Amino acid sequence: MTAHDKNPADAQPALLNLVGGRDAEATDRQLIEVLCPSDGKVFAHIQRSGAADVDAAVKAARRAFEGPWGRLTATERGRLLVKLGEAVAARAKELGELESRDTGKPLSQGRADADAAARYFEFYGTAADKLHGDTIPFLNGYTVAVMREPLGVTGHIVPWNYPLQIFGRSVAASLACGNACVVKPAEDASLTVLRVAQLAREVGFPDGALNIVTGYGHEAGAALTEHPGVDFISFTGSPEVGSLVQQAAAKHHAGVTLELGGKSPQLVFADADLDTAAPILVKAIIQNGGQTCSAGSRVLIERKIFDRVLSMLVPKFEALRAGPHDRDLDLGPMINAKQQRRVNGFIDAAIADGAPLLAKGAIASDAPDGGFYSAPALLGPVNRDARLAREEVFGPVLSLMPFDDEADAVALANGTDYGLVAGVWTNDAKRSMRVARAMRCGQVFVNGYGAGGGIELPFGGVKKSGHGREKGFEALYEFSATKTIVVNHG
Ligand code: NAD
C-alpha cells in the first residue's frame, strides 16, 4: 500500500520514522497496515522502510556519535536518560494502552511494560557515569589504563512480544555507554517504540542519537544488519532469524547479542511448597499469552507427586480466560493469524501424537471473531522426545513431564537445544544450589520464577537461546569495548 491509497475510513495519518531528529516518510512511500490482534482490524499505518531509509538513519546516527551526542559527558547522557524515564513514567497509562492495543496483551500487562521501560531508562541513566575502566600493574616505569569506550553506531532489532520493554532495555544500555542507535521495531508492533522516540526528542536528546526505522524484517531489518556503518547489533527474536543476523553482521565484522527464546523448565521436587508453586507455574506460561522468550513452558515433576501437582494445575487452567486486551483477562490474543495457527497447530499435533490434553482454558464469549485467540492448553505426561517437549511454541501451552530423581531431573531440564531460564522448586537448601548450578542456562530462579522480570539482573541464554547478555550492568559491557593505554614514563 502506498502513502496515498489508504482506506479513507481509517483517517489517522500514517506514523513516521524518526531519522536524525526529524519525522520521515519511507523513501518509497509504502505503508504497512497495523492490526489490533483483539479484533484483526486495521487501526494505524507505519512506514515500510527500505535500504535507503536505513542508510539515512545510520548516517544520522554516525553524525550524532561524532558530533553533539558523542561530546556529552557520561553524566549529561545519564541525565537525559533519566529525563526520558520520567517522561515514560508520566505517560505510562497512555503508553500501556497503546502497547496493549498494538500487541493484544491485557491492559494491566501493557501498563506493567510501560513501568518497566521507564525503569530501564532510569537504571541505565543513573549507571551511565558509573561505568569505569581499570588500571593494571605492569612493568616498572609503566602505567596501564584500561578505558571503557562506546562502540559507535548500534543497531537494535526488536520483536513484537514486549516492544516497550525490549526497546527500553537495549537502547537505554547502549545510549548510556555513549553509542548512537538505529532501531528496527517489529512490523507487528512498532507504535510504542515510535512514541518513546518522540519523547526522547522532546526531553532534549541530540538529533540522531536515537533513530527509528519501521518496516519488514527481510527489508529494513536485513538492511540494518548488513549495513557496514553499524558497529554492533542487538537482536531479540527467533533462532532462525538470529542466525541470519549473525551471518550478516559477520560480513562487516560487527558484534552481536542474540536473545532467541527458550524451552524453559521448572523443576518441582516432592519437598516443594506446592501451594506457593502452583499459581506461579501457571503464570509463567500464561503471562503475555505465553509469547515470552523466558516462558516456563515445561513443568518437570518428581514422579511421586505428579498426580498431586496435576490436580492442582487442572482447575487453574480450566479457569483461564482469553479475551480482548481491554477486558484485561488472564491473557489476550496471539499477535497475528500466523502465530495463532502455529500455536493451535502445536496443540493439535501433540494430541494426535498421543499427549493427553488435561485441561483447556476458554475464549471469552464476546471476543471479536476477527481476533487471533488461542485457548490455553495443559498437556501431560508429554513424551520426552515429542516435538512439544523440545520446541518453543511461543503460546499458552504447558507440558507436564515426570522425573525419577535429581539426576534425571537435571538431564531432562538440560535436554533441549535451548538454555535461557530455569525454575527450581524445593525446600532442600543444598539441593537448590546443586541443581541451580547444574542448569545450562542464563538465569535460575529458586522457589520463584521471574519470566521477563528484573531490570537489574543479567539475562540471556546459552545454546540455541543465543549469546551475550542484556539487563543489569552486564549489558553495559556488551555495548562498550575496552581500550588499553600503555604509557612508558620511565
Ligand atoms: P522474527 O525473528 O522473525 O522477528 C523478530 C524481529 O526480527 C522483527 O523485528 C523482524 O522484523 C526482524 N527480522 C525478521 N527477519 C529479519 C531479517 N532477515 N533480518 C533482520 N531482521 C529480521 O520472529 P517472528 O516471526 O516475529 O516470530 C517467530 C518466532 O520467533 C516466534 O514464534 C517465537 O518462537 C520467536 N520469537 C522469540 C522472541 C524472543 O523474545 N526471544 C520474540 C519474538 C519471537
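The basis for the numbers below is simple: all heavy atoms, side chains too, and nothing from hydrogens, waters or symmetry mates. Index from 1, following the sequence. In this text the structure is predicted, and so the values were computed from the model without any measurement. Just follow the structure's listing: the first ligand is 1, and inside any ligand the first atom is 1.
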* Closest protein heavy atom to atom 9 (O) of ligand 1, given as residue, atom name and distance to 0.1 Å -> V158 O, 2.9 Å

* To do: Identify whether the distance between the nearest side-chain nitrogen and carboxylate oxygen of R62 and D231 falls below 4.0 Å.
  => yes

* E187: numbered ligand 1 atoms lying under 4.0 Å from its heavy atoms -> 10 (C), 11 (O)

* Asked: Among all protein non-hydrogen atoms, which one is nearest to atom 14 (C) of ligand 1, and what is the separation to 0.1 Å?
  -> G217 CA, 3.4 Å

* L260 contact mode with ligand 1 (heavy-atom cut-off under 4.0 Å) -> backbone

* Structure fact -> So the atoms of ligand 1 within less than 4.0 Å of a heavy atom of P159 turn out to be 42 (C), 43 (C)

* To do: Pick, from Y216, F394, F235, the option with the minimum heavy-atom distance to atom 44 (C) of ligand 1.
  => F394

* So, S100 side chain and K105 main chain: donor-acceptor pair closer than 3.5 Å or not? -> yes

* Asked: Which heavy atom of the protein is the closest neighbour of atom 25 (O) of ligand 1, given with residue, atom name and distance?
  -> K338 NZ, 4.2 Å

* Which of the ligand 1 atoms, numbered from 1, are nearer than 4.0 Å to a heavy atom of C293 -> 39 (C), 40 (O), 41 (N)

* Can you check whether V421's main-chain N or O pairs, donor with acceptor, with S264's side chain at less than 3.5 Å? -> yes

* Distance below 4.0 Å between atom 4 (O) of ligand 1 and any protein heavy atom? -> no

* Flag S238 as yes when one of its N or O atoms lies below 3.5 Å from any N or O atom of ligand 1, and as no otherwise. => yes

* To do: Would you kindly specify which portion of D188 sits under 4.0 Å from ligand 1, judged on non-hydrogen atoms: side chain, backbone, both or neither?
  => neither

* Go through ligand 1 atom by atom and flag the ones less than 4.0 Å from a non-hydrogen atom of G261. => 41 (N)

* For N211 and C181, indicate whether the former's side chain and the latter's backbone hold a donor-acceptor pair under 3.5 Å. => yes

* Give the numbers and elements of all ligand 1 atoms closer than 4.0 Å to a heavy atom of Q339. => 32 (O)

* May I ask you to check whether F394 and W160 place their ring centres under 6.0 Å from each other? => yes

* Ignoring hydrogens and geometry, is there a side-chain-to-backbone donor-acceptor pair from D23 to L18 under 3.5 Å? -> no

* Asked: Which ligand 1 atoms, with their elements, are less than 4.0 angstrom from a heavy-atom of E259?
  -> 41 (N)

* Between R195 and E94, is there a salt bridge with N-O shorter than 4.0 Å? -> yes

* How close does the nearest protein non-hydrogen atom get to atom 6 (C) of ligand 1, and which residue and atom is it? -> I157 CG2, 3.7 Å

* Would you indicate whether R440, at its atom CZ, is surrounded by more than 12 heavy atoms from other residues, nucleotides or ligands within a distance under 6.0 Å? => no

* **Those residues that, when tested against R469, pass side chain to side chain donor-acceptor pair (under 3.5 Å) (two or more places apart)** => none

* Classify the angle between the aromatic ring planes of F445 and Y449 as parallel (below 30°), tilted (30 to 60°) or perpendicular (above 60°). => tilted

* Structure fact -> Logged contact type for E240 with ligand 1, heavy-atom cut-off 4.0 Å, is neither

* Asked: Would you call E456 and R119 a salt bridge, using N to O less than 4.0 angstrom?
  -> yes

* **atom 34 (O) of ligand 1: nearest protein contact (heavy atom, Å)** => E392 OE1, 2.9 Å

* To do: Can you sort out which atoms of ligand 1 are near G221, meaning under 4.0 Å from one of its heavy atoms?
  => 19 (N), 20 (C), 21 (N)

* Going through the distances and angles, do F232 and H156 end up as a ring pair (Phe, Tyr, Trp, His ring centres under 6.0 Å)? -> CA-CA 9 Å; F232 188 86; H156 303 254; 8.3 Å; no

* Which atoms of ligand 1 have any heavy atom of W160 under 4.0 Å away? -> 24 (P), 26 (O), 27 (O)

